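This report refers to the structure that appears directly beneath it.
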Number of protein chains: 2
Amino acid sequence: MKTLRHNAIRELVSLGQVANQDELRRKLRRRGFAVTQATLSRDIHELRLVKGPGGYTFSNGAGQAVEDNSPPSLDDMIEGFALRVRRAMNQVVIATVAGGAQPLASALDHAGWSDIVGTLAGDDTILVICSDHRRAGDVESRLKAMLES
Amino acid sequence: MKTLRHNAIRELVSLGQVANQDELRRKLRRRGFAVTQATLSRDIHELRLVKGPGGYTFSNGAGQAVEDNSPPSLDDMIEGFALRVRRAMNQVVIATVAGGAQPLASALDHAGWSDIVGTLAGDDTILVICSDHRRAGDVESRLKAMLES
DNA sequence: AGCATAGGCGCATAAGTATGCAACGCCGAA
DNA sequence: TTCGGCGTTGCATACTTATGCGCCTATGCT
């Protein structure tokens with residue numbers, strides 16, 4: 001359950017204003033996650049969110065995080081950047097945290113998935129073009145699985 | 001005096017680890033600024049510092065810059081940026097003034113239209129992905145209506 | 001000078017966040 | 001099955017940060 005909750009948190013944070021942990025708790029409860037503030041405090045720590053003027057945001061690495069000396073895996077990237085995966089026809093759309101689209105798309109390209117024809121990345125959205133509906137469905141499920149790991 | 005203290009705070013923060021306001025207070029005192037935690041709380045607010053894992057840092061510009069106190073409505077944005085709306089299959093393409101694509105796309109994302117799967121913005125063009133033909137048609141008409149209001 | 005107003009500050013305390021501890025559930029080994 | 005370890009959570013509470021209020025000083029106006 002924890003991973004799903006983390007995704008929900010990331011989505012809520014990226015989406016709008018989350019002023020404090022208690023507000024986050026109420027919003028999560030409306031989505032079916034009933035946890036206490038204590039748990040959210042731990043979640044926020046794990047997700048490395050920071051609270052600035054105007055609520056929580058993603059700590060955009062700047063606050064010298066420990067350096068990875070190993071290139072992050074695709075799973076890690078998805079875990080770190082992706083927020084939501086949706087499909088439309090032969091296309092899959094990935095919503096990411098701001099600025100996360102480019103690196104994640106690049107990682108996808110290099111992953112060599114044969115059913116991906118190409119990717120196109122904006123700032124916080126990736127468009128994945130697949131050869132047909134079915135393959136798009138496959139890709140969607142695989143991505144969702146990774147997101148919910 | 002306040003300005004000098006602010007500079008000292010900025011230096012301490014950029015320099016190293018400032019774990020919390022009380023530590024900051026002690027370090028400032030060594031430099032000749034004797035103030036209470038309450039004052040530092042206000043200073044930090046004014047300097048827009050954020051506390052992340054590992055102490056205070058400068059507000060992470062990337063994490064969506066501080067909000068305008070009156071976020072323009074979606075109508076306003078369309079009114080201000082959009083030039084033309086056209087549809088192709090499950091996609092809607094919006095032409096905007098140069099540089100207008102990114103902000104307008106962002107506004108669309110945050111509008112929470114359920115039939116929009118995602119948006120992808122270049123400099124003066126937005127690609128809106130809808131779940132299917134019909135919904136793309138809906139979105140197209142709604143956008144056109146707003147554009148012609 | 002006499003008075004009004006504004007900003008900075010400390011104090012006390014409210015508001016918000018982190019954490020030690022114990023309880024619970026879920027494996028995997030014996 | 002029974003046991004032990006591990007991970008997750010809630011509870012209670014410690015710790016940290018924000019803020020209402022009042023005092024003080026500086027500044028400006030009459």
Side-chain angles (χ1 to χ4, degrees), chain A residues 1-60 62-66 75-76 78-80 145-149, chain B residues 1-60 63-64 66-67 69:
Chain A
M1 272 303 93
K2 194 165 124 176
T3 311
L4 275 75
R5 189 180 59 227
H6 279 193
N7 286 338
I9 291 172
R10 283 199 306 214
E11 190 176 335
L12 284 170
V13 165
S14 78
L15 205 57
Q17 298 305 69
V18 178
N20 57 44
Q21 296 180 2
D22 212 56
E23 179 180 324
L24 179 57
R25 186 179 59 74
R26 287 192 297 274
K27 289 188 172 171
L28 280 173
R29 198 180 40 195
R30 269 182 245 126
R31 295 189 170 208
F33 298 96
V35 293
T36 61
Q37 171 269 323
T39 298
L40 296 184
S41 170
R42 292 187 267 247
D43 285 349
I44 283 170
H45 185 81
E46 285 169 28
L47 293 172
R48 308 191 94 75
L49 300 179
V50 299
K51 182 182 185 178
Y56 284 97
T57 59
F58 296 89
S59 86
N60 264 332
Q64 52 267 36
V66 186
D75 297 74
D76 291 341
I78 290 180
E79 181 72 26
M146 291 171 124
L147 184 55
E148 282 153 21
S149 64
Chain B
M1 275 306 93
K2 195 164 119 173
T3 313
L4 276 73
R5 188 181 62 240
H6 279 195
N7 286 338
I9 292 173
R10 277 206 293 252
E11 187 178 336
L12 283 170
V13 164
S14 74
L15 206 58
Q17 299 302 71
V18 179
N20 59 43
Q21 297 181 3
D22 212 56
E23 180 180 324
L24 179 58
R25 186 179 57 75
R26 287 192 296 275
K27 289 187 173 171
L28 280 172
R29 198 179 40 193
R30 268 182 246 127
R31 294 189 170 210
F33 297 95
V35 293
T36 62
Q37 172 269 323
T39 297
L40 296 184
S41 170
R42 292 186 265 249
D43 286 348
I44 283 169
H45 186 80
E46 285 169 28
L47 291 172
R48 309 194 98 73
L49 300 179
V50 299
K51 183 182 185 178
Y56 284 99
T57 58
F58 293 93
S59 174
N60 220 339
Q64 50 258 35
V66 185
E67 65 266 56
N69 35 12

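Predicted model only: the values in this text are computed from it and were never measured.
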Checklist entry - For A:Val35, what residues pass the side chain to side chain contact (heavy atoms under 4.5 Å, CB included) criterion, not counting sequence neighbours? => result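 With neighbours one apart ignored, the set is A:Arg5, A:Thr39, A:Leu40.
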Item to check | Listed partners of A:Glu11 passing side chain to side chain contact (heavy atoms under 4.5 Å, CB included), at least two apart | outcome: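 Side chain to side chain contact (heavy atoms under 4.5 Å, CB included) list for A:Glu11, sorted by chain: A:Arg31, A:Arg84.
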Going by the rule side chain to side chain donor-acceptor pair (under 3.5 Å), which residues pair with [X] if we only count those two or more places apart in sequence or in a different chain?
| X | result |
| --- | --- |
| A:Asp22 | A:Arg25, A:Arg26 |
| B:His6 | B:Asp43 |
| B:Arg10 | B:Asn7 |

Next on the checklist: Over all strands shown, is A:Thr39 touching base, sugar-phosphate only, or nothing at heavy-atom distances under 4.0 angstrom?
Outcome noted: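 If one applies the 4.0 Å heavy-atom cut-off, A:Thr39 turns out to touch the sugar-phosphate alone, with no base involved.
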Checklist entry - With a 4.5 Å limit on heavy-atom distance, are the side chains of A:Leu4 and A:Phe33 in contact? => result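 Answer yes - side chains close enough.
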If I take atom [atom1] from residue [X] and atom [atom2] from residue [Y], how far apart are they, to the nearest 0.5 angstrom?
| X | Y | atom1 | atom2 | result |
| --- | --- | --- | --- | --- |
| B:Tyr56 | B:Leu47 | OH | CG | 11.5 Å |
| A:Ile78 | A:Met146 | CD1 | CE | 4.5 Å |
| A:Thr57 | A:Arg48 | OG1 | CZ | 13.5 Å |

Checklist entry - In residues 22-38 of chain A, what residues come within less than 4.0 Å of DNA chain D, judged by heavy atoms? => result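 Within residues 22-38 of chain A, the residues near DNA chain D are A:Ala34, A:Val35, A:Thr36, A:Ala38.
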Checklist entry - Among residues 2-13 of chain B, which residues get a heavy atom nearer than 4.0 Å to DNA chain D? => result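 Nucleic-acid contacts, sorted: none.
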Next on the checklist: Using the rule given for side-chain contact (heavy atoms from CB on, under 4.5 Å), can you reason through B:Lys51 versus B:Asn20, listing the C-alpha separation, both sets of side-chain angles and the distance that settles it, and then say yes or no?
Outcome noted: CA-CA 8 Å; B:Lys51 183 182 185 178; B:Asn20 59 43; 4.2 Å; yes
Next on the checklist: I'd like to know if B:Glu46 and B:Arg42 make a salt bridge, using a cut-off of under 4.0 Å between side-chain N and carboxylate O.
Outcome noted: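 No, this pair does not count.
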Item to check | Boundaries of the DNA chain D segment in contact with chain A, non-hydrogen, under 4.0 Å | outcome: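 Result: D:dT8 to D:dC11.
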Next on the checklist: Working note: B:Val18 + B:Leu49, criterion side-chain contact (heavy atoms from CB on, under 4.5 Å); need CA distance, chi angles, decisive distance, verdict.
Outcome noted: CA-CA 11 Å; B:Val18 179; B:Leu49 300 179; over 6 Å; no
Item to check | First-last contacting nucleotides on DNA chain C - partner chain B, under 4.0 angstrom, heavy atom | outcome: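 For DNA chain C, the relevant span reads C:dG8 to C:dC11.
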